[in-house]
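Take a look at the structure set out below.
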Amino acid sequence: MTIIKICGIRTLTDALAAIEAGADYLGFNFYRQSPRYIAPQDCAAITALLKKEHPEARLVGVYVNSSEAEINAIMESCSLDLAQLHGDESAAFRASVGERAFKALRGAPNGAVESFARAAAPAFLLDAAHKGAYGGTGTTTDWAAAAVLAKRYPLFLAGGLNPENVGAAVRQVRPWGVDVASGVESSPGEKDAGKMRTFVAAVRSAAIAMENS
């Protein structure tokens, strides 16, 4: 089964709609310059209910060049399961945060994957390279390069995915999981319930087709 992560959740309504649509992981963005930024106290109010009502959902904090102390404090206050490091963090920093942290790599960098990959799934997230931006741009990742890495690592594929192209991405790359933010929004930071349902259905359909082929 291909894991589905819907990132950039900012409201309880969107969180519940994502889970109802079939998302396995929810991402909460703590990068203040992002249109998907959520304040830690607002996230904590949402995740407290999710942990009680939907304990099966995996909750991920997204950080960009945050300190280890800040990451740990938010992880604790928001009861998050994983930390996604989406900035310029080093492999040593990822290791210092521990195995609950995984790195977002941009553009399938040569020579960097081995040092950043963690032992558990997801080993890392592969996003598109976009100068001056830390994800959420809608730019598509190099699927051919991603497919090579997906044979070696249980990775999250991100970058420009939407309900129209995610089926093709799953069939070509065969990733452990897919990650979407802007592709299921009606406007930056506002999730669209219909798009989330269509996205999930496209992923599930492609996965079933591969299993039966």
Side-chain angles (χ1 to χ4, degrees), residues 2-51 53-54 56-64 74 78 80-82 84 86-87 104 106 122 125-141 143 146 156-171 173 175 177-207:
T2 305
I3 298 299
I4 298 172
K5 175 170 170 280
I6 294 181
C7 203
I9 299 292
R10 298 178 64 244
T11 66
L12 178 59
T13 297
D14 284 351
L16 294 175
I19 292 172
E20 182 179 352
D24 306 293
Y25 286 52
L26 302 183
F28 300 88
N29 193 325
F30 300 107
Y31 181 46
R32 289 182 177 275
Q33 296 182 41
S34 170
R36 300 170 187 88
Y37 170 76
I38 185 170
Q41 61 269 27
D42 295 333
C43 179
I46 294 171
T47 56
L49 186 144
L50 296 180
K51 284 294 184 180
E53 301 294 336
H54 297 280
E56 74 283 0
R58 299 279 281 169
L59 309 179
V60 183
V62 179
Y63 307 89
V64 174
I74 294 175
C78 295
L80 301 176
D81 300 300
L82 294 169
Q84 178 179 316
H86 215 104
R106 296 188 292 278
L125 179 146
L126 187 62
D127 202 356
H130 193 284
K131 186 177 181 180
Y134 294 106
T137 64
T139 304
T140 304
T141 304
W143 291 356
F156 262 130
L157 177 68
L161 298 179
N162 56 53
E164 289 71 39
N165 68 12
V166 70
V170 169
R171 289 189 295 271
V173 178
V178 292
D179 177 286
V180 64
S182 62
V184 291
E185 291 181 340
S186 54
S187 61
E190 303 294 332
K191 295 295 182 278
D192 183 297
K195 289 182 179 180
M196 288 192 287
R197 288 193 298 270
T198 305
F199 184 92
V200 171
V203 174
R204 300 295 183 229
S205 178

If you compare all heavy atoms of [X] against all heavy atoms of [Y], which two are closest, and at what distance to 0.1 Å?
{"X": "Ala57", "Y": "Ile19", "result": "CB-CD1, 4.0 Å"}
{"X": "Ala169", "Y": "Leu157", "result": "CB-CD2, 4.0 Å"}
{"X": "Phe28", "Y": "Ile46", "result": "CE2-CG2, 4.2 Å"}
{"X": "Tyr31", "Y": "Tyr37", "result": "O-CB, 3.3 Å"}
{"X": "Met196", "Y": "Ile6", "result": "SD-CD1, 3.6 Å"}
{"X": "Thr198", "Y": "Pro163", "result": "CG2-CB, 3.7 Å"}

Handout entry: Check against side-chain hydrogen bond (donor to acceptor under 3.5 Å, both in side chains), His86 and Asn29
Key = CA-CA 10 Å; His86 215 104; Asn29 193 325; over 6 Å; no

With a 4.5 Å limit on heavy-atom distance, are the side chains of [X] and [Y] in contact?
{"X": "Leu82", "Y": "Tyr25", "value": "yes"}
{"X": "Val178", "Y": "Val170", "value": "yes"}
{"X": "Val64", "Y": "Phe30", "value": "no"}
{"X": "Val203", "Y": "Val166", "value": "yes"}

For [Y], does its backbone N or O pair with a side-chain atom of [X] as donor and acceptor, under 3.5 Å?
{"X": "Thr47", "Y": "Cys78", "value": "yes"}
{"X": "Lys191", "Y": "Gly8", "value": "yes"}
{"X": "Asn165", "Y": "Gly160", "value": "yes"}
{"X": "Ser34", "Y": "Arg36", "value": "yes"}
{"X": "Lys195", "Y": "Glu185", "value": "yes"}

Quick one: [atom1] on [X] to [atom2] on [Y], what's the gap to the nearest 0.5 Å?
{"X": "Leu12", "Y": "Leu50", "atom1": "CG", "atom2": "CG", "value": "6.5 Å"}
{"X": "Arg106", "Y": "Leu125", "atom1": "CZ", "atom2": "CG", "value": "11.0 Å"}
{"X": "Ile9", "Y": "Leu59", "atom1": "CD1", "atom2": "CG", "value": "10.0 Å"}
{"X": "His54", "Y": "Leu49", "atom1": "NE2", "atom2": "CG", "value": "7.0 Å"}
{"X": "Phe156", "Y": "Thr2", "atom1": "CZ", "atom2": "OG1", "value": "10.5 Å"}
{"X": "Asp192", "Y": "Ser187", "atom1": "CG", "atom2": "OG", "value": "9.5 Å"}

Problem - Listed once per pair and sorted, the salt bridge (Lys or Arg N to Asp or Glu O under 4.0 Å) pairs that draw on residues 12-33, sequence neighbours left out - result: Asp24-Arg204

Problem - side-chain contact (heavy atoms from CB on, under 4.5 Å) between Leu80 and Val60, worked out - result: CA-CA 6 Å; Leu80 301 176; Val60 183; over 6 Å; no

Exercise for the section: Flag yes if more than 12 heavy atoms outside Gln33 fall under 6.0 Å of its CD atom; otherwise flag no. Expected result: no

